[in-house]
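Please read the structure below before turning to the comments.
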There are 2 protein chains.
Amino acid sequence: MSIQDVARAAGVSVATVSRAFNQPEQVAPDTRRHIEQTAQTLGYLPNASARTLRTQRSRVLGVVLPTLVNPVFAECLQGMAEAAAQAGYALMPLTTHYELEREEQAVSRLLAANVDGLVLVVSNPSQSSALQRLRARALPYVLAYHQHPDHPCVGVDGEQAVADLVARLVALGHHRITMVSGQRHASDRAEQRCRGYQRGMADAGLSAAPVLEVPFMAQALQDIVACLRQNPAPSALICSNDLLALRCLRAAHLAGRSVPAQLSVVGFDGIALGEDLTPMLSTITQPNAEMGQRSIALLVQALQHGLPPTPGASLTLAHGFRLGESCARPALSAT
Amino acid sequence: MSIQDVARAAGVSVATVSRAFNQPEQVAPDTRRHIEQTAQTLGYLPNASARTLRTQRSRVLGVVLPTLVNPVFAECLQGMAEAAAQAGYALMPLTTHYELEREEQAVSRLLAANVDGLVLVVSNPSQSSALQRLRARALPYVLAYHQHPDHPCVGVDGEQAVADLVARLVALGHHRITMVSGQRHASDRAEQRCRGYQRGMADAGLSAAPVLEVPFMAQALQDIVACLRQNPAPSALICSNDLLALRCLRAAHLAGRSVPAQLSVVGFDGIALGEDLTPMLSTITQPNAEMGQRSIALLVQALQHGLPPTPGASLTLAHGFRLGESCARPALSAT
DNA sequence: CTGTTAGCGCGTTCAA
DNA sequence: TTGAACGCGCTAACAG
């Protein structure tokens, strides 16, 4: 079922059929309707590979994400899918599990697949050789969830967000605030958020506790419980992501501390699910779906303009704070 | 950067370069190494579109899912991505938001994209015109999360699972068990689970209460609260999915009933997140990632064999039960 | 073991 | 306004 078949069936040349689809105004109305009719009944669909080969544009965008198991990225991908469909692009998502090697592989595969551009969420833009390859090939790309002077990014100011949060907690009466983070060196986002904690504590005139770094999720629960059993124990935990916050809620339960009366827990990410939890998760919210949409939009816009997105086009989206129910004024005994 | 350039640079013909990649054993070791070396330094990657056009195989699989915002499908897609990467395929996922029209669109786009096959999660296989088109084109496909005699499926026996659950709840001492479901007509999965509830109740000699159908998630909370305030109120809720179960936990909170002491809540899906909640979510578990893996595996296997998967190749995966902490023996007053 | 060549389906010249 | 013909990059058939 090719353009040939349609041309034959409609009694015109392939060129006319091609034009009927791509430059309808150049075809006589009667001819056009006839061709459309014929194509319709034959169930003709233009072959994307041939079109790509000819035009050097695939209308496919590559997406590189750490994982889909974290709802943050699933929500983001959903937003990308929306925006891409809107703009007539398809998506080809690959996951890396935070492994640099898989970032490389992903980019290779996507390059070979002739994607017109990519949106990436990487571990660390400064060290990513995958990004270097994209630049070398002058392939348009946008980083999501990042902020970096050398790359076009769509992100939020995670440092400011956490610093603000610290101020908010201090205003509530918290003094002993601990930051809980995944591997800091594995992600510049985690690092950025930790910096926000340190700055926020310093601004409040408090001494920052060492960041509780929980490298492996499997181990996280025990580490947090241990932290909560210290004396003095923290009255509030700031988590570098929402999944970690869930673990903290559980750890509080195991350690016999009620939330929020005896312990405040605040996450980071704003996954939609958090709103349905009991207690509703207090968290710094990022607009995850919008992050995806805007990343795609930035990329698509650049593709239409003909020049790749520049670092100057980077966007910082507004973050928010969901008060939720896992965060409150500390009990007097804990103050 | 085409095969031509590599051939020229290596001083061989394009055919030899092609063979060096696709049938290495047919090329003299020295020649092969030389070509690989040249390609490497030039940064050559074979052009997927040209290869697809020529071979009529894209090594891309289409995926049609309701949404990525429900972790069930995100986990499933992650499993698919794993299996596909393993087998050398890329994925092109599209979401439908449970709308039939978008199922159609998705299939059209994927057909045009020359996918070698598809995995779909649809509303209702019996009524899906999208599936008819796939059959008409003889394009291989597999349905995930479905059970249907006319289609190749990978799913679980949701009816049996819920019937078993009812028996389990009855054994714990529950009599007033209510099923909470999303729109039943919108999904044959929901319908299947509701049938399991009715069968289970009948088998236990209990009269099934009307299924509490909550069409819109936004409205769900109020409907469930109202249900819990009935007299007599149910002592246990079975939810047709985990997201609904979260709402039930919240509704219980709002209605002032403690879980599991005064109300048991059991979900369906086994999203990974449920295990980290407090109380840990009691639920019927499906192997979501495996569902994705096996669907892809079935498809890929068929592709390699050269003939599309048949309904006879369908798989029913084992479901499980996570005891969790949201389900227990009812308090005596409620018995 | 290696080279030459046709053609996959399409869009885009250039002519008519 | 329409048609004929070329070539995008690649694989496979055939020839050597």
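This is a predicted model, so every value here is computed, not measured. Note on naming: letters A, B, ... go to the chains in the order of the sequence lines (proteins, then strands), and numbering restarts at 1 for each one.
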For a quick check under 3.5 Å, do [X] and [Y] share a side-chain donor-acceptor pair by atom type?
X	Y	answer
B/Thr95	A/Gln78	yes
B/Gln147	B/Thr316	yes
B/Ser49	A/Asn114	yes
A/His97	A/Glu103	no

Interface with DNA chain C, restricted to residues 36-61 of chain B and to heavy atoms under 4.0 Å: B/Leu53, B/Arg54, B/Gln56
Residue-level proximity of residues 1-11 of chain A to DNA chain C when a heavy atom falls under 4.0 Å: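 A/Ser2, A/Ile3, in order of number.
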Near-strand residues of residues 107-115 of chain B, defined as heavy-atom separation under 4.0 angstrom from DNA chain D: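 Those residues whose heavy atoms fall under 4.0 Å from DNA chain D, taken from residues 107-115 of chain B, amount to none.
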Interface residues of residues 21-35 of chain B with DNA chain D (non-hydrogen, below 4.0 angstrom): B/Asn22, B/Gln23
All pairs passing salt bridge (Lys or Arg N to Asp or Glu O under 4.0 Å) where residues 48-76 of chain A contributes a residue, at least two apart: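 Qualifying pairs: none.
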Of all pairs that satisfy salt bridge (Lys or Arg N to Asp or Glu O under 4.0 Å), the ones with a partner from residues 132-149 of chain A, not counting sequence neighbours: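 Sorted pair list: A/Glu104-A/Arg133.
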N or O in side chain of A/Ser18 less than 4.0 angstrom from C/dC10 OP1/OP2: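 No, no such contact exists.
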Neighbour count >12 (heavy atoms, 6.0 Å) for atom CD, A/Gln86: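 Open.
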Qualifying ring pair (Phe, Tyr, Trp, His ring centres under 6.0 Å) pairs with a residue from residues 100-153 of chain B, counting only residues at least two apart or across chains: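 Non-adjacent pairs meeting ring pair (Phe, Tyr, Trp, His ring centres under 6.0 Å): B/Phe73-B/Tyr145, B/Tyr141-B/His151, B/His148-B/His151.
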Please output the side-chain donor-acceptor pairs of residues 293-300 of chain A that fall under 3.5 Å, not counting sequence neighbours, one pair per line with the distance.
{"unit_1": "A/Arg294", "atom_1": "NH1", "unit_2": "A/Glu290", "atom_2": "OE2", "d": "2.6"}
{"unit_1": "A/Ser295", "atom_1": "OG", "unit_2": "A/Met291", "atom_2": "O", "d": "2.6"}

Contact between [X] and [Y] at the side-chain level, heavy atoms closer than 4.5 Å - yes or no?
X	Y	answer
A/Pro125	A/Leu131	yes
A/Leu139	A/Val115	yes
A/Leu68	A/Leu77	yes
A/Val63	A/Leu94	no
A/Asp188	A/Ser123	no
A/Val107	A/Leu134	yes

End-to-end axis angle, where each axis spans five pairs of the helix from C/dC1-D/dG16 to C/dA16-D/dT1, to 10°: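 The helix from C/dC1-D/dG16 to C/dA16-D/dT1 shows an end-to-end axis angle of 40°.
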Could you pull out every donor-acceptor pair under 3.5 Å between side chains of residues 19-26 of chain A and any protein atom, sequence neighbours left out?
{"unit_1": "A/Asn22", "atom_1": "ND2", "unit_2": "A/Ser18", "atom_2": "O", "d": "3.1"}
{"unit_1": "A/Asn22", "atom_1": "ND2", "unit_2": "A/Ser18", "atom_2": "OG", "d": "3.4"}

Pairing residues for B/Arg109 by the salt bridge (charged side-chain N to carboxylate O under 4.0 Å, His left out) criterion, not counting sequence neighbours: none
Leading and trailing nucleotides of DNA chain D with any atom under 4.0 Å from heavy atoms of chain B: D/dG9 to D/dA13
